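As the structure lists them, so they are numbered: ligands from 1, and atoms in each ligand from 1. Please read these numbers as outputs of a predicted model, since none were measured by experiment.
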Amino acid sequence: MKVLFVCLGNICRSPSAEGVFRRAVEQAGLALRITVDSCGIGDWHAGNPPDERAQAAARRRGIDISGLRARQLRREDFYAFDYILPMDYGNLRDIRAMAPDAHGAHIELFLAFAGIPQGEVPDPYYGGEQGFEEVLDMIEAASQGLVEHIQAAG
Ligand code: 4NP
C-alpha cells in the first residue's frame, strides 16, 4: 500500500501530512505494509526542506520532518501509488488534469478521511503560526481516519 500526499509547494501541508501519517502508521504497527511520500504540484521549492514553521509545529508534536525534501508530482506517481491525496480542490484539479488515461491510483481529498467530504486543508504559507497548528489538527484527524480505513480494508 503506497500513499502520496500532494499540496502546492510540498513544503508546508503535504510534508506535514507525510510525517504525521507515517507516525500513525508506525503506531498502528503497519510500517511494513504502508509506504508514505509527498510531493507538490509546483517545482519552486524542489530539493528544499519543509518550511521552518511547519518543521517547528511538527516538532512540538514530537514529529521530525526536517529530513524531507520537496519534489514535484510526476506521471509515474499515478502508477506507483495506490492513494493520491490532495489537500485542496486546486490540487485535486491539477492532479486530475495531469492523470494518464489508465492508472490505478485512488484520488481523493485527504480530509475525506476525517469525515469531511468537501474539506480542504488551507494553505498556511502566507499566514501565521496558528495556521500551522490548525493544519496539523486536521492532518492528525485525517491520518487516523486513513489508518482505520486501510485496516478495515484489510
Ligand atoms: P504548501 O504551501 O502547498 O502547503 O507547501 C505553499 C508553499 C509555497 C507556496 C505555496 C504554498 N508558494 O507559492 O511558494
Side-chain angles (χ1 to χ4, degrees), residues 1-27 34-100 103 105-147 149-150:
M1 178 71 65
K2 298 183 82 174
V3 178
L4 180 65
F5 297 105
V6 185
C7 64
L8 191 54
N10 195 208
I11 55 166
C12 296
R13 292 165 292 175
S14 62
S16 300
E18 179 179 347
V20 167
F21 181 64
R22 181 171 288 122
R23 182 170 72 173
V25 162
E26 286 165 359
Q27 288 175 343
I34 302 177
T35 302
V36 192
D37 195 5
S38 68
C39 67
I41 298 295
D43 70 349
W44 318 287
H45 301 281
N48 292 344
D51 186 286
E52 292 288 347
R53 298 164 296 173
Q55 289 190 42
R59 201 177 304 120
R60 285 194 288 273
R61 301 189 190 203
I63 298 169
D64 180 4
I65 59 169
S66 64
L68 303 182
R69 296 294 178 266
R71 72 168 179 89
Q72 190 174 26
L73 177 68
R74 39 183 186 249
R75 279 177 68 85
E76 305 90 87
D77 291 325
F78 291 90
Y79 303 105
F81 287 88
D82 301 291
Y83 285 87
I84 297 180
L85 305 176
M87 298 295 139
D88 64 34
Y89 273 106
N91 310 151
L92 180 61
R93 267 194 304 275
D94 290 338
I95 290 167
R96 285 186 173 150
M98 194 176 152
H103 68 84
H106 178 92
I107 301 168
E108 186 172 8
L109 285 174
F110 182 35
L111 285 192
F113 293 96
I116 313 171
Q118 322 269 305
E120 300 184 285
V121 182
D123 186 348
Y125 189 64
Y126 295 104
E129 218 167 74
Q130 183 58 30
F132 285 83
E133 294 297 333
E134 289 164 9
V135 160
L136 280 181
D137 290 342
M138 295 175 179
I139 283 172
E140 283 184 347
S143 292
Q144 199 51 47
L146 181 56
V147 164
H149 174 85
I150 291 172

| query | Quick one: is the NZ or CZ of Arg13 closer than 6.0 Å to the six-membered ring centre of Tyr125, and within 45° of its axis? | reply | no
| said: Among all protein heavy atoms in this structure, tell me which lies nearest to atom 11 (C) of ligand 1, with the distance rounded to 0.1 Å. | reply: Asp123 OD2, 3.0 Å
| query | Just checking, any donor-acceptor pair under 3.5 angstrom between side chains of Asn91 and Asp94? | reply | no
| Flag side-chain contact, heavy atom, 4.5 Å: Ile139 against Glu18 | no
| field | Contact check, Met87 vs ligand 1, heavy-atom distance below 4.0 Å | value | no
| Going by the atom numbers of ligand 1, which of them fall below 4.0 Å from some non-hydrogen atom of Gly9? | 1 (P), 3 (O), 5 (O)
| Mind checking what makes salt bridge (Lys or Arg N to Asp or Glu O under 4.0 Å) contact with Glu140, not counting sequence neighbours? | Arg61
| What's the spacing between Ser38 OG and Ile11 CD1 if we round to 0.5 Å? | 11.5 Å
| message | Counting non-hydrogen protein atoms only, what is the nearest one to atom 1 (P) of ligand 1? Give residue, atom name and distance. | response | Cys7 SG, 3.4 Å
| said: Test your reading of the structure: does Leu8 have an N or O sitting under 3.5 Å from an N or O of ligand 1? | reply: yes
| task | Could you tell me which atoms of ligand 1, counted from 1 in the order shown, lie closer than 4.0 angstrom to a heavy atom of Ile11? | result | 5 (O), 7 (C), 8 (C)
| note | Numbered in order shown, the ligand 1 atoms found under 4.0 Å of a heavy atom of Cys12 are 1 (P), 2 (O), 4 (O), 5 (O)
| task | Using ring-ring contact (aromatic ring centres under 6.0 Å, His included) as the criterion, list what pairs up with Phe110, not counting sequence neighbours. | result | Phe5
| field | Heavy-atom nearest neighbour in the protein, as seen from atom 14 (O) of ligand 1, with distance rounded to 0.1 Å | value | His45 NE2, 2.7 Å
| Heavy atom of the protein closest to atom 13 (O) of ligand 1 (residue, atom name, distance) | Tyr126 OH, 3.7 Å
| field | Candidate list Ile95, Leu85, Asp77, test side-chain contact (heavy atoms from CB on, under 4.5 Å), partner Leu4, passing option | value | Asp77
| task | Using a 4.0 Å heavy-atom threshold (strictly under), name the region of Asn10 that reaches ligand 1: side chain, backbone, both or neither. | result | backbone
